Amino acid sequence: MPEVLEIESYRRLAERVVGARVSRGWADEYAAKKLTAPSAWARVVAGLTITATDRRGKLLVLQTDGVTLALRFGMTGVLLLDGEAGLEGLFYGPHEYRSDWVRAGLEFEDGRSLVVHDPRRLARVEIDPDLDELGVDALAMSRSAFDAALGARGEGPAIKARLLDQSRIAGVGNLLADEMLFRAGIDPRTPVGRLDSAQRTALYRAFTQTMRTLGRRGGSHTGDHMVSRFPGGLCPRDGGAMRIETIGGRTTYFCSVHQR
DNA sequence: AGAAAGCCTCGGCCGC
DNA sequence: TGCGGCCGAGGCTTTC
């Protein structure tokens, strides 16, 4: 579920613990998979004071007076502060809280706790993350950065795959990618290098509109194409049949009429 | 039963 | 033939 819009809402929630000092932290073996050892999280976080929050794409960053901490949420992860969600429930998966789905967290000296709740086990904690692996943040995308991220003319992978490439553009997930291509009227299978100037312009416009509009509406799942995101769905714009294909490794919905 | 909104690894292919 | 980079496929994990 979480794409850049959701992670940004988690970041705003995490802002509330700026200034708080960590008394204790924990992470299970899955959440700690990117660390040198499962115990590293607990060992490192104790005594740190959160000084600021940050975000790069889908990576939530907690600056401290020592190391930098970071959280990833996988497909179903949610950030909770004392049991309160950073957004309204889960669109995908169960809309419920279960204590055994709490995979990692921080407790503070003031008694509060910030935890990662994830029914599946794809969420991760990180210490001193390498931000160089991530491209330009999707919520701070200029036209020139967008052109650079798309790359040169020629062939290249499907435009959808490139939009999902976190080392190029950080934060676009499956739903946001489908929505912006839907709005721009572009076939997601088009090799990125074959988009002409008009298509690039249309896609950039759709990109920024998608971020702004869906951000205002409340998340990645509020896109215009979502009403047709099921087998047999019809395009809400022109009534065309929606196609379903795997592109860039993800299930892709696109209109057979206006996305060509 | 099959698919799921993220990410990582692996292996094949291409070009130098 | 060798190697790096690019890219797609598949796996992880659990749930509904």
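Please read all numbers here as calculations on a predicted model, not as lab measurements. In the text below, chain A, chain B and the rest are named by the order of the sequence lines, each starting its count at 1.
Computed from coordinates, the A:I244 CD1 to B:dA3 C1' distance equals 11 Å when rounded to whole Å. Regarding A:D100, its CG atom lies at a distance of 8 Å from the P atom of C:dT15, rounded to whole Å. If you measure from atom CZ of A:F230 to atom P of B:dA4, you get 14 Å, rounded to the nearest angstrom. When rounded to the nearest whole Å, the span between CE of A:M180 and P of B:dA5 equals 15 Å. Summarising the geometry, the separation between CD on A:Q166 and P on B:dC7 is reported as 5 Å, rounded to the nearest angstrom.
Nucleotides C:dG10 and B:dG2 have their C1' atoms positioned 16 Å apart, rounded to a whole Å.
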Secondary structure of DNA chain B per the Watson-Crick/G-U criterion (both distances under 3.5 Å; [ ] crossing, | other strand, . unpaired) is .|||.|||||||||||

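Residues in residues 247-260 of chain A take part in no salt bridge (Lys or Arg N to Asp or Glu O under 4.0 Å) pair, two or more places apart or across chains.
Here A:R72 reaches the OP1 or OP2 of B:dC7: one of its side-chain N or O atoms lies under 4.0 Å away. Side-chain nitrogen and oxygen atoms of A:K34 include at least one within less than 4.0 Å of the OP1 or OP2 phosphate oxygen of B:dC8. Put simply, A:T251 has no side-chain N or O that comes within less than 4.0 Å of OP1 or OP2 on B:dA3.
A:V136 meets the side chain to side chain contact (heavy atoms under 4.5 Å, CB included) test with A:M141, A:A145; sequence neighbours excluded. In this structure A:E15 satisfies the salt bridge (Lys or Arg N to Asp or Glu O under 4.0 Å) test together with A:R11, sequence neighbours excluded. Checked against salt bridge (Lys or Arg N to Asp or Glu O under 4.0 Å), A:R43 has no partners two or more places apart in sequence or in another chain. Partners of A:R183 by salt bridge (Lys or Arg N to Asp or Glu O under 4.0 Å), not counting sequence neighbours, listed by chain and number: A:E179, A:D224.
The other residues sharing a hydrophobic cluster with A:F254 are A:I247, where clustering joins ILVMFWY side chains under 4.5 Å apart. In this structure, A:V61 belongs to a hydrophobic cluster whose other members, linked by side-chain heavy atoms under 4.5 Å apart, are A:L59, A:L131, A:L134.
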Each nucleotide of nucleotides 7-14 of chain C classed B (base within 4.0 Å of a protein heavy atom), S (only sugar-phosphate) or -, in 5' to 3' order, makes SS---BBB

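A:L13 and A:L80 fall within the same hydrophobic cluster, where Ile, Leu, Val, Met, Phe, Trp and Tyr residues are linked whenever their side-chain heavy atoms come under 4.5 Å apart, directly or through other members.
Atom-to-atom distance recorded for A:R12:CZ and A:I7:CD1 is 11.5 Å, nearest 0.5 angstrom.
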